[in-house]
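Comments concern the structure below.
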Amino acid sequence: PADPVPTPGAPPPDVLRCAYLDLQVTDLAASGAFYADVLGLVVTAEGPGWVALRTFDEFIHHNLLLREGPVAATAAFAFRVRSPEDVDRAEAFYRELDCPVERRREGFAPGVGDAVRVQDPLGFPYEFFHAVEHVERLAWAYDRHGPGALVRLDHFNQVTPDVPRAVAFMEDLGFRVTEDIQDTAGTVYAAWLRRKPTVHDTALTGGAGPALHHVAFATHEKHNILAICDRLGALRQSDRIERGPGRHGVSNAFYLYLRDPDGHRVEIYTQDYYTGDPDNPVVTWDVHDNQRRDFWGNPVVPSWYTQATPVLDLGGRPVALTQRRDDSELEVTIGADGFSYTRPDEDAPMPSWKQGEYKLGHQL
Ligand SMILES: O=C1C=CC(S(=O)(=O)O)=CC1(O)O
Ligand SMILES: [Fe+2]
């Protein structure tokens with residue numbers, strides 16, 4: 001396994017929250033139609049080769065920046081920091097780690113000011129900014145909300161091969177774990193980490209990385225998620241639906257996963273729980289608990305484990321993937337569901353009609 005990332009002597013920036021995703025797409029018209037026309041994100045601004053979109057409760061310029069490019073990939077996971085001085089702190093923190101760092105006083109994105117972009121020790125492109133243009137907060141503009149209105153950017157989800165190594169680094173950055181998935185041997189399959197007082201601003205999913213697993217937007221209510229499913233059905237775009245709707249075990253949120261025109265995964269998410277107290281208890285799930293990822297016991301479709309989209313380095317080149325060495329959640333659960341349980345204290349196997357859900361031909 002790779003050596004732990006050293007802890008910088010420089011203090012980390014005070015990260016407020018995940019703020020926007022700079023997402024490269026191969027067909028801006030198709031992606032713009034999906035995010036604006038189908039999902040109803042609000043277009044804040046657009047220009048040659050780009051469109052900036054936001055959610056209804058948002059007051060900063062955008063939560064999603066789509067840029068047309070040759071490869072469908074994430075150009076930056078952008079976090080807002082508390083003060084202009086925290087952009088300086090971010091620059092010093094990553095320079096001490098000898099990471100690729102680029103500072104732009106005029107910003108990297110429309111509506112965003114002084115910012116620093118880094119390629120972090122895990123290979124991910126991050127941006128830290130404070131200065132940003134305020135735009136109209138449309139929280140009360142119910143005349144513009146559709147039945148599936150997306151109101152906030154809730155989180156990112158990043159694929160990385162060594163979850164404990166990544167968790168340790170993100171904790172140095174000031175994030176705190178709220179939930180994780182482990183097995184009795186201590187293998188960590190995934191972890192959820194926060195800055196804002198919800199379950200996460202980002203999650204680390206064990207797999208070949210660095211890669212984008214998904215970006216998640218929140219709705220106010222579960223019925224908004226059902227409305228999105230109905231809209232996709234009515235538009236004959238039900239093949240955008242990858243997983244769900246359902247109730248998560250981890251996070252307790254109601255969820256739906258979609259795939260955009262490039263295959264980027266988008267989660268629609270609502271009603272997780274408050275985590276803001278310093279002694280917020282960490283929730284650890286057993287990888288064989290069949291209710292961990294779907295609280296109703298519905299299986300996770302294999303593509304959810306196996307597919308993710310690349311990230312770019314600061315020069316716009318896709319970052320090569322490093323394969324995971326620890327056990328794979330797909331391998332130890334789907335197909336081997338004789339080891340999964342509904343009631344931990346019962347030695348009863350899953351009912352035969354439920355065994356083998358999504359068991360692939362080559363699996364035992
Ligand atoms: O946001 C999330 C919350 C929970 C889950 S899980 O599928 O319940 O583990 C996945 C997720 O990371 O997308
Ligand atoms: Fe998620």
Side-chain angles (χ1 to χ4, degrees), residues 17-18 21 23 39 55 63-64 74 77 124 150-160 163 166-167 170 175-183 187-207 209 211-219 222 225 228 241-260 264-275 280 282-309 328-330 332-334 340 342 357-358:
R17 60 172 168 131
C18 57
L21 187 71
L23 193 64
L39 293 186
T55 52
N63 299 123
L64 180 63
T74 295
F77 299 85
F124 291 104
L150 303 182
V151 294
R152 281 192 294 282
L153 169 69
D154 190 82
H155 61 267
F156 306 132
N157 188 305
Q158 305 168 231
V159 186
T160 193
V163 175
V167 164
M170 294 299 283
F175 285 69
R176 289 295 172 265
V177 173
T178 55
E179 300 205 28
D180 64 10
I181 297 178
Q182 300 188 28
D183 66 13
T187 299
V188 183
Y189 293 87
W192 287 258
L193 299 106
R194 72 167 191 89
R195 285 294 298 179
K196 68 182 182 316
T198 67
V199 168
H200 55 319
D201 287 277
T202 198
L204 299 165
T205 299
L212 169 71
H213 190 274
H214 63 267
V215 57
F217 298 101
T219 62
K222 295 184 284 293
I225 292 181
I228 291 170
I241 297 174
E242 179 191 44
R243 180 185 163 207
R247 167 73 68 190
H248 279 316
V250 171
S251 82
N252 195 30
F254 196 78
Y255 73 89
L256 170 70
Y257 291 96
L258 308 174
R259 304 295 293 272
D260 84 356
H264 294 307
R265 185 178 288 103
V266 182
E267 182 179 14
I268 317 296
Y269 180 94
T270 193
Q271 296 170 0
D272 63 0
Y273 58 89
Y274 168 77
T275 61
N280 179 70
V282 174
V283 179
T284 293
W285 295 77
D286 181 330
V287 74
H288 294 297
D289 182 338
N290 205 43
Q291 298 187 192
R292 72 196 181 286
R293 287 199 178 273
D294 184 284
F295 199 56
W296 305 333
N298 288 318
V300 176
V301 61
S303 61
W304 193 91
Y305 285 122
T306 59
Q307 296 182 7
T309 49
S328 136
E329 187 170 349
L330 171 71
V332 301
T333 55
I334 293 175
S340 292
T342 303
E357 281 178 312
Y358 293 122

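Remember, it's 1-based here, ligands and their atoms both numbered in the order they're listed. Not measured: the values here are computed from a predicted model.
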Does at least one non-hydrogen atom of Glu179 fall below 4.0 angstrom from an atom of ligand 1?
no
NE2 (His214) - the Fe ion (ligand 2) - OE1 (Glu267) angle, nearest 10°:
90°
In ligand 1, which numbered atoms sit nearer than 4.0 Å to a non-hydrogen atom of Arg292?
8 (O)
Under-4.0 Å heavy-atom contact with ligand 1, by part of Val250 that carries it:
both
His213 touching ligand 1 at heavy-atom level, < 4.0 angstrom:
no
I'd like to know if the Fe ion (ligand 2) has an N/O/S atom from Asp154 within less than 2.8 Å of it, counting both backbone and side-chain atoms.
no
Mind checking whether Arg247 has a heavy atom under 4.0 Å from ligand 1?
no
For a distance under 2.8 Å, tell me if His155 has an N/O/S atom near the Fe ion (ligand 2).
yes
Test of ring centre spacing under 6.0 Å for Tyr269 and His214:
no
Heavy atom of Tyr257 under 4.0 Å from ligand 1?
yes
What atoms of ligand 1 come closer than 4.0 angstrom to any heavy atom of Ser251?
3 (C), 4 (C)
If you have a sec, work out which protein heavy atom is nearest atom 6 (S) of ligand 1 and how many Å separate them, to one decimal?
His248 ND1, 3.4 Å
Report yes or no: does a heavy atom of Phe295 sit under 4.0 Å from some atom of ligand 1?
no
